[in-house]
Amino acid sequence: MELNAIKKRVAKILDTERYEHSLRVADFAKELAGIYNVDREKAEIAALLHDVSRFMDRPQMLKEAKKLNFNISPMEEIEPKLLHAPLSANIAKNEFGIVDEEILSAIKLHTLGRPNMTDLEKIIYLADHAESGRDYPGIDNIRELAKKNLDQAIALSTSRTIQYLEERKLPIDQRTIETNQFYNLGEKT
Ligand SMILES: [Fe+2]
Ligand SMILES: [Fe+2]
């Protein structure tokens with residue numbers, strides 16, 4: 001499916017706010033792709049589709065994930081919204097015909113990350129967390145660091161997420177901790 005066709009269809013699926021967020025993620029992802037010599041079109045497609053399952057509410061997400069035989073973690077049972085990333089990858093594959101595994105994986109990992117991510121995965125993660133419409137303390141540092149060093153930016157962004165959740169006494173997914181530890185220890189390849 002061509003980029004314009006993807007955009008039009010995503011615009012129909014998502015509400016305006018979320019669609020505009022996806023466009024801003026695409027803008028930042030393309031900018032980062034240009035800096036790091038990553039395929040800009042792949043970055044744009046992954047960004048446009050990263051939240052495409054967000055039209056579903058929590059019970060729908062849980063139901064759909066069970067139907068698809070996802071391995072649902074205890075955290076995802078508590079917060080089914082975490083499932084939107086793999087569910088979006090699933091829609092990208094089955095409804096948009098995206099077969100590129102790099103794109104699908106970048107969509108799947110955009111919320112929690114993982115150790116040893118590809119550059120495209122890091123770019124989508126960071127573009128989502130630091131797109132121009134977002135505002136939270138320290139975002140400027142993450143945005144600027146993303147343009148200079150993807151690994152350090154992931155370390156900073158995941159540290160901030162953990163701090164945010166800890167302050168609010170919210171549960172933290174193990175995968176966020178693993179991603180954070182990996183990039184903070186500089187174990188990168
Ligand atoms: Fe998301
Ligand atoms: Fe997003």
Side-chain angles (χ1 to χ4, degrees), residues 3 6-7 9-33 38 42-62 64-65 68 70 72-73 75-96 98 102-114 117-136 138-139 142-143 146 150 153-154 156-158 160-162 164-165 168 170-180:
L3 270 170
I6 293 176
K7 269 189 208 172
R9 202 157 155 201
V10 175
K12 278 188 200 153
I13 296 174
L14 296 178
D15 63 37
T16 312
E17 196 183 326
R18 205 160 291 284
Y19 176 60
E20 284 174 358
H21 159 69
S22 303
L23 292 179
R24 290 191 300 269
V25 175
D27 279 344
F28 196 22
K30 276 191 288 180
E31 183 185 352
L32 294 175
V38 166
K42 284 191 188 192
E44 184 164 12
I45 294 172
L48 289 171
L49 293 171
H50 83 285
D51 273 346
V52 74
S53 72
R54 287 296 292 264
F55 66 90
M56 295 183 211
D57 60 17
R58 287 178 171 88
Q60 240 179 318
M61 284 184 188
L62 204 52
E64 189 64 21
L68 291 163
F70 281 12
I72 301 165
S73 70
M75 268 291 292
E76 287 162 341
E77 290 274 2
I78 300 166
E79 181 40 286
K81 251 167 63 177
L82 288 170
L83 292 163
H84 85 275
L87 285 173
S88 294
N90 193 71
I91 293 173
K93 188 175 182 179
N94 296 323
E95 314 276 328
F96 287 78
I98 306 297
E102 287 177 19
I103 295 176
L104 296 174
S105 160
I107 297 173
K108 198 172 162 183
L109 297 172
H110 83 265
T111 310
L112 303 171
R114 69 155 182 217
M117 285 189 276
T118 65
D119 280 354
L120 181 63
E121 288 162 0
K122 292 173 203 168
I123 284 171
I124 299 303
Y125 182 97
L126 289 168
D128 181 40
H129 286 78
E131 55 95 343
S132 59
R134 289 208 197 262
D135 194 15
Y136 51 81
I139 189 168
I142 297 173
R143 226 174 250 152
L150 289 174
I154 296 274
L156 185 62
S157 179
T158 47
R160 183 249 155 209
T161 299
I162 290 167
Y164 175 91
L165 294 169
R168 282 158 190 78
L170 292 167
I172 304 167
D173 194 284
Q174 186 56 27
R175 287 164 290 183
T176 302
I177 296 168
E178 284 167 12
T179 307
N180 178 254

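Note that these values count all heavy atoms, side chains included, but never hydrogens, waters or copies made by symmetry. Numbering of ligands and ligand atoms starts at 1, following listing order.
Counting heavy atoms of neighbouring residues, nucleotides and ligands inside a 6.0 Å radius, atom NZ of K42 exceeds 12 of them. The neighbour count for D135 CG, taken as heavy atoms of other residues, nucleotides or ligands under 6.0 Å away, does not exceed 12.
At a cut-off of 2.8 Å, D51 coordinates the Fe ion (ligand 1) through an N, O or S atom. Among the atoms of H110, an N, O or S atom falls under 2.8 Å from the Fe ion (ligand 1).
Cation-pi geometry between R24 and F28 is not met at under 6.0 angstrom from the ring centre and within 45 degrees of the axis.
Its N, O or S atom nearest to the Fe ion (ligand 2) is what matters here, and for D128 that atom is OD1.
Here R134 pairs with D128 in a salt bridge; the nearest charged N to carboxylate O distance falls below 4.0 Å.
The NE2 atom of H21 and the NE2 atom of H50 meet at the Fe ion (ligand 2) at an angle of about 90°, given to 10°.
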